[in-house]
Protein chains: 2
Amino acid sequence: MLTRRKSKVESTPPMCPLSECLAIIGGQWTPNIIWHLSAGPRRFSELKDDVVGVSAKMLTTRLKKLEAEGIVHREVVPSSPPTVEYSLTDLGAELKPAIEAIVDVGHRLKLRRDAKS
Amino acid sequence: MLTRRKSKVESTPPMCPLSECLAIIGGQWTPNIIWHLSAGPRRFSELKDDVVGVSAKMLTTRLKKLEAEGIVHREVVPSSPPTVEYSLTDLGAELKPAIEAIVDVGHRLKLRRDAKS
DNA sequence: CAGTATCCCGATGGATACTG
DNA sequence: CAGTATCCATCGGGATACTG
């Protein structure tokens, strides 16, 4: 039997900075990009290889957005052929715990599913 | 001066269950829905009020998907007018740490930005 | 209350080709 | 190498109206 709900329920968690963070890591590919950058600086083509399936277009789009938001740092190395280093800023590094938590849960979810099938 | 990269870099984290989890919480509104459910069972219209801005269409869509994935439990209370209780399953509860990590980072990000402006 | 059914528009993102 | 430009199909998701 279901217990009757108190009119004010169990109190919803205070207020939600979820969107705040999701606006940053919400975009397609974005978590993957940040995740790969979390291991250290990468060049454009390295990232393109790491983040399997991403197109150059999307990768640039996301990197630009992340750079504008102060999450990643872009450093052009003047050389021929030119290379560009992408890395997480301090601000970007703060996202790591969240990404790791997601990875962790993803792992446990996978285990559960595999166990059931 | 940038240090030269070792050919094998700093080793990318093993393999990525990111997508595993993102496939679940990735959808628009989804994290918010789970977040609100994490405080306890809710009825359809309560959720619709909690998750500000969501349309009935999207809410049903997401809830159906989450139910199919075993993340939320749907319980129809036979009464007039009918009510429906949504709650997190054990599996769904495992997502809470990830959501909380995201909320936490979102909060810190907000603080940083506010400090700068 | 708790949805379902349609219509419909705009953004997302892939493929491809081109450039400094 | 590190992108940019263009074309174009898809589809997420809002508005609205209807139902058991």
Side-chain angles (χ1 to χ4, degrees), chain A residues 2 4-5 7 9 18-19 22-34 36-37 40-69 71-88, chain B residues 2 4-5 7 9 18-19 22-34 36-37 40-69 71-88:
Chain A
L2 286 171
R4 195 75 230 111
R5 175 192 325 283
S7 61
V9 215
L18 236 192
S19 355
L22 285 177
I24 293 176
I25 66 167
Q28 185 123 43
W29 303 113
T30 309
N32 253 293
I33 294 170
I34 296 176
H36 283 285
L37 281 179
R42 293 288 187 279
R43 293 180 327 182
F44 187 84
S45 47
E46 287 178 324
L47 272 177
K48 190 161 171 347
D49 289 343
D50 288 343
V51 183
V52 182
V54 76
S55 62
K57 177 186 173 183
M58 273 300 96
L59 189 52
T60 13
T61 306
R62 292 306 173 214
L63 286 172
K64 268 185 182 166
K65 185 161 170 275
L66 291 172
E67 191 193 354
E69 290 164 336
I71 303 297
V72 310
H73 174 69
R74 180 175 183 273
E75 174 127 19
V76 179
V77 182
S79 61
S80 179
T83 62
V84 183
E85 289 264 342
Y86 290 96
S87 55
L88 289 185
Chain B
L2 287 171
R4 197 71 232 113
R5 176 192 324 284
S7 62
V9 215
L18 236 191
S19 354
L22 285 177
I24 292 176
I25 65 167
Q28 185 124 47
W29 304 112
T30 309
N32 253 292
I33 294 170
I34 296 176
H36 283 285
L37 281 179
R42 292 288 186 280
R43 293 181 328 185
F44 188 83
S45 47
E46 287 179 323
L47 271 178
K48 191 161 171 347
D49 289 343
D50 287 343
V51 183
V52 183
V54 76
S55 62
K57 177 186 174 184
M58 273 300 96
L59 189 51
T60 9
T61 305
R62 292 306 174 215
L63 286 172
K64 268 186 182 164
K65 185 162 169 275
L66 290 172
E67 191 192 354
E69 288 163 337
I71 303 299
V72 310
H73 175 68
R74 180 175 185 273
E75 174 128 18
V76 179
V77 182
S79 60
S80 180
T83 62
V84 183
E85 288 264 340
Y86 290 96
S87 54
L88 289 185

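Numbered from 1 within each chain, the chains take letters A, B, ... in sequence-line order.
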[X] side chain N/O closer than 4.0 Å to the phosphate oxygens (OP1, OP2) of [N]?
X       : N      : answer
A/Arg74 : D/dG3  : yes
B/Thr83 : C/dC1  : no
B/Gln28 : D/dG13 : yes
B/Tyr86 : C/dC1  : no

Considering residues at least two apart in sequence or located in another chain, which fulfil the side-chain contact (heavy atoms from CB on, under 4.5 Å) criterion with A/Ser45?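 side-chain contact (heavy atoms from CB on, under 4.5 Å) list for A/Ser45, sorted by chain: A/Arg43.
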Considering residues at least two apart in sequence or located in another chain, which fulfil the side-chain contact (heavy atoms from CB on, under 4.5 Å) criterion with A/Thr60?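 Per chain and number, A/Thr60 pairs via side-chain contact (heavy atoms from CB on, under 4.5 Å) with A/Phe44.
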Nucleotide N/O of nucleotides 16-20 of chain C paired with protein N/O under 3.5 Å:
none

Take atom CG of B/Leu63 and atom P of C/dA2, then tell me their distance rounded to the nearest Å.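 The distance from CG of B/Leu63 to P of C/dA2 comes to 11 Å, rounded to the nearest Å.
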Can you tell me the distance, in whole Å, between the CZ atom of B/Arg62 and the C1' atom of D/dC11?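 Going from B/Arg62 (CZ) to D/dC11 (C1'), I get 11 Å.
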Any donor and acceptor pair, going by atom type alone, linking the side chain of B/Arg62 with main-chain N or O of B/Gln28 inside 3.5 Å?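 Such a contact is found between B/Arg62 side chain and B/Gln28 backbone.
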Take A/Ser55 and B/Lys64, find for each the nucleotide of DNA chain C with the closest heavy atom, and name the residue whose nucleotide sits nearer the 5' end.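 Nearest nucleotide further toward 5': that of B/Lys64.
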Can you name the residues that form a salt bridge (charged side-chain N to carboxylate O under 4.0 Å, His left out) with A/Lys65, not counting sequence neighbours?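 Checked A/Lys65 against salt bridge (charged side-chain N to carboxylate O under 4.0 Å, His left out); matches are A/Glu69.
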Intra- and inter-strand pairs of DNA chain C in dot-bracket (Watson-Crick or G-U wobble, both distances under 3.5 Å; | for another strand): ||||||||||||||||||||
